[in-house]
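Below is one structure, written out as structure tokens; comments come after it.
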Amino acid sequence: MCDFQANTCGWDKKPDNATFIFQRHSAQQLENSNSPGPVQDYQGEKNKRFMIASIDRADFNVENEIARFRSPIFKSSEHPVECFNFWFNFGVR
């Protein structure tokens with residue numbers, strides 16, 4: 001199981017011409033860096049768990065920006081019954 005507590009679990013943080021870069025942060029780290037993001041994790045904590053947040057370039061006014069966070073390739077024979085489960089937060093400036 002991957003919950004991003006130790007690393008990004010092999011996910012590609014910036015594939016194929018994506019504008020955004022995904023990074024691991026706690027809600028407290030996002031708040032301390034003045035980056036947009038949730039004020040707490042899905043359990044209501046600020047500094048207990050890590051999440052993946054997309055950080056944009058300095059110019060936030062570019063149209064048609066692309067954000068991708070691509071999973072590693074899984075062989076169905078090795079992972080026959082699995083799914084992805086995400087909590088997500090969209091913030092727009």
**OP:** Compare every heavy atom of Pro72 with every heavy atom of Cys9, then report the nearest pair and how far apart it is.
**Re:** O-CG, 3.6 Å
Original post:
Glu31: what forms a side-chain contact (heavy atoms from CB on, under 4.5 Å) with it, not counting sequence neighbours?
Top reply: Gln28, Lys46
Original post:
Going from CG on Leu30 to CD on Gln23, what distance comes out if it is rounded to the nearest 0.5 angstrom?
Top reply: 9.0 Å
**OP:** Indicate the atoms forming the closest heavy-atom contact of Ala27 with Asp41, along with that distance.
**Re:** CB-N, 4.3 Å
Original post:
Between atom NZ of Lys48 and atom CD of Gln5, what is the distance when rounded to the nearest 0.5 Å?
Top reply: 10.0 Å
Original post:
Under a 4.5 Å cut-off applied to non-hydrogen side-chain atoms, are Met51 and Arg24 in contact?
Top reply: no
**OP:** Please check if the side chain of Glu78 supplies one atom and the backbone of Lys75 the other of a donor-acceptor pair under 3.5 Å.
**Re:** no
Subject >> Between OG1 on residue Thr8 and CZ on residue Phe50, distance to nearest 0.5 Å >> reply: 12.5 Å
